[in-house]
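Scroll down for the structure; my scribbles are underneath it.
In each ligand, atom 1 is the first atom listed, and ligand 1 is the first ligand listed. Computed from a prediction, not measured in an experiment: that's the story for all the values here. FYI, the numbering just counts along the sequence from 1.
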Amino acid sequence: AKAAGRNTLRFFTPDLQSAALARAAVEADMRVALVSRQFLLHYQPQVDMEGKLQGAEALIRWQHPSKGLIPPAQFIPVAEATGLILPLGQWILRQACRQLVEWSQHPYLCTIPVAVNVSVRQFHHPDFASDVLEILSETGAAPHLLKLEITESQLISNMESTIYTMNRLRRKGVHFSLDDFGTGYSSLSYLKRLPLAQLKIDRSFVRDLLNDANDAAIIKTIIALGQTLDMHIIAEGVETLEQRDKLIELGCHLFQGYLFGQPGPAEALHREYLTRVEV
Ligand code: C2E
Ligand code: CA
Ligand code: CA
Ligand code: CA
């Protein structure tokens, strides 16, 4: 009977429960991490056709005392599910704004916008716009140098409040970029209602661009759409010169990817600025 009980127990202790335990452990760890400053932002350069720095995307990292550097895919979903994304998201915005203020003293980096990823739950919180404006005024960062990256799925859920939130921030100078573009559902009619400065072509289209005619066609369509709606286009995940050249041929003039620089500490961008990739 005892053995059967153990078996039963084992039967009813599937992956689901261990996953929940693992999530609870990550959550507890993250609470500690927030107060003991284990999070940091890395920055990845965004460049033009000459390889000149035109922007940077802030990407969060977790410097864990025993586990080393943890990538966001391992903790952002937990932060979303638990609500920790709210304090974490505020920290990310404040940190990025402080970086903008620091760069405002720099002869070249003073004009470089910083893109910050905003998660669904964070964006749809009723205080989101007020929080962003408060962080901007508290840090003294220039609103027009802050670019918020949101994803398509984020916009669909509540169109009216989405438009309201975006317009409120846009009026104060904040810019928006639509991340991972092409992977979700977007209709022309709703895209044109959004105050978007930029569409970001998802990495998945760039990856097979040279071998897959469909991907090239999709990118071409995105670029045409951007031109129609008066939005800038940036391609992410650019890893080779061949990809970049093909993107230029299709009409994309802004790039982000390992070809131009990995995400790294803010100081690395001071060098990045002078980097030129041979045309
Ligand atoms: P994302 O916003 O699409 O960010 C781009 C990801 O692609 C980054 O991964 C970046 O390191 C990676 N990447 C850049 N260039 C290349 C390339 O040439 N090739 C390939 N294969 N990958 C490239 P990372 O930093 O691991 O971030 C993953 C995701 O985590 C992000 O995807 C974003 O959704 C989320 N994330 C990162 N930082 C934040 C943050 O501060 N807040 C929120 N809410 N989410 C974040
Ligand atoms: Ca992004
Ligand atoms: Ca992306
Ligand atoms: Ca992506």
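- A distance-only check finds a donor-acceptor pair linking the side chain of R170 to the backbone of G173 [under 3.5 Å].
- An N or O contact shorter than 3.5 Å links I60 to ligand 1 by distance.
- Ion pair R193/E160 flagged as a salt bridge, since at least one NZ, NE, NH1 or NH2 atom sits closer than 4.0 Å to an Asp/Glu carboxylate oxygen.
- Distances from the Ca ion (ligand 3) to the N/O/S atoms of D180 are shortest for OD1.
- Put simply, D202 stays out of reach of the Ca ion (ligand 3), with no N, O or S atom under 3.0 Å from it.
- Heavy atoms of Q122 found under 4.0 angstrom from ligand 1: none, in either backbone or side chain.
- Residue P72 approaches ligand 1 through these ligand atoms, each under 4.0 Å from one of its heavy atoms: 24 (P), 25 (O), 26 (O), 27 (O), 28 (C), 30 (O), 36 (N), 37 (C).
- Among the atoms of E149, none of the N or O lies under 3.5 angstrom from an N or O of ligand 1.
- No more than 12 heavy atoms of other residues, nucleotides or ligands lie within 6.0 Å of CD in E134, so this atom counts as exposed by the packing criterion.
- The distance from the Ca ion (ligand 2) to the nearest N/O/S atom of S177 is not under 3.0 Å.
- The environment of NE2 in H232 is sparse: at most 12 heavy-atom neighbours from other residues, nucleotides or ligands sit within 6.0 Å.
- Within ligand 1, the atoms closer than 4.0 Å to a non-hydrogen atom of E57 are 2 (O), 4 (O), numbered from 1 in the order shown.
- Counted by atom type alone, Q256 and Q46 present one or more donor-acceptor pairs between their side chains at under 3.5 Å.
- Ligand 1 has at least one atom lying under 4.0 Å from a heavy atom of R61.
- In summary, E149 places no N/O/S atom under 3.0 Å from the Ca ion (ligand 3), failing the contact criterion.
- Of the heavy atoms in E236, only side-chain atoms (C-beta onward) come closer than 4.0 Å to ligand 1.
- Residue pairs meeting the salt bridge (Lys or Arg N to Asp or Glu O under 4.0 Å) criterion with at least one partner in residues 53-67, sequence neighbours excluded, are D29-K67, E57-K200.
- Distance alone, capped at 3.5 Å, places no donor-acceptor pair between the Q95 side chain and the I92 backbone.
- Remark: among candidates F255, Y258, F260, F39, the nearest residue to atom 22 (N) of ligand 1 is Y258, based on non-hydrogen atoms.
- Only the side chain of I92 comes within 4.0 Å of ligand 1, counting heavy atoms alone; its backbone N, CA, C and O stay farther away.
- In summary, the atoms of ligand 1 found under 4.0 Å from a heavy atom of V238, numbered by their order in the structure, are 18 (O).
- Note on D179: its N/O/S atom closest to the Ca ion (ligand 3) is OD1.
- Of the possible donor and acceptor atoms, none in the side chain of Q74 sits under 3.5 Å from a partner among the backbone N and O of P71.
- When distances to the Ca ion (ligand 2) are checked against a cut-off of 3.0 Å, E57 contributes an N, O or S atom below that limit.
- Rounded to the nearest 0.5 Å, atoms CG (D180) and CD1 (I150) are 11.5 Å apart.
- Heavy-atom proximity to E239, at under 4.0 Å, picks out these atoms of ligand 1: 17 (C), 18 (O), 19 (N), 20 (C), 21 (N).
- Taking 4.0 Å as the cut-off, G237 counts as a neighbour of ligand 1 on heavy-atom distance.
- Against a heavy-atom cut-off of under 4.0 Å, S119 is close to the following atoms of ligand 1: 44 (N).
- In this structure, E80 has no heavy atom closer than 4.0 Å to ligand 1.
- Atom numbering of ligand 1 starts at 1 in the shown order; those under 4.0 Å from a heavy atom of D180 are 3 (O).
- Proximity of R203 to ligand 1, defined as any heavy-atom pair under 4.0 Å, is confined to the side chain (atoms from C-beta onward).
- One distance of note links CG of L88 with CD of Q122; it measures 8.0 Å at 0.5 Å rounding.
- With hydrophobic clusters built from ILVMFWY side chains whose heavy atoms lie under 4.5 angstrom apart, I248 shares a cluster with V47.
- At a threshold of 4.0 Å, the pair R98-E102 does not count as salt-bridged, since none of the basic side-chain nitrogens sits closer than that to a carboxylate oxygen.
- Looking at T82 and R23, their side chains never bring a donor and an acceptor atom within 3.5 Å of each other.
- For E236, the N, O or S atom with the smallest separation from the Ca ion (ligand 3) is OE1.
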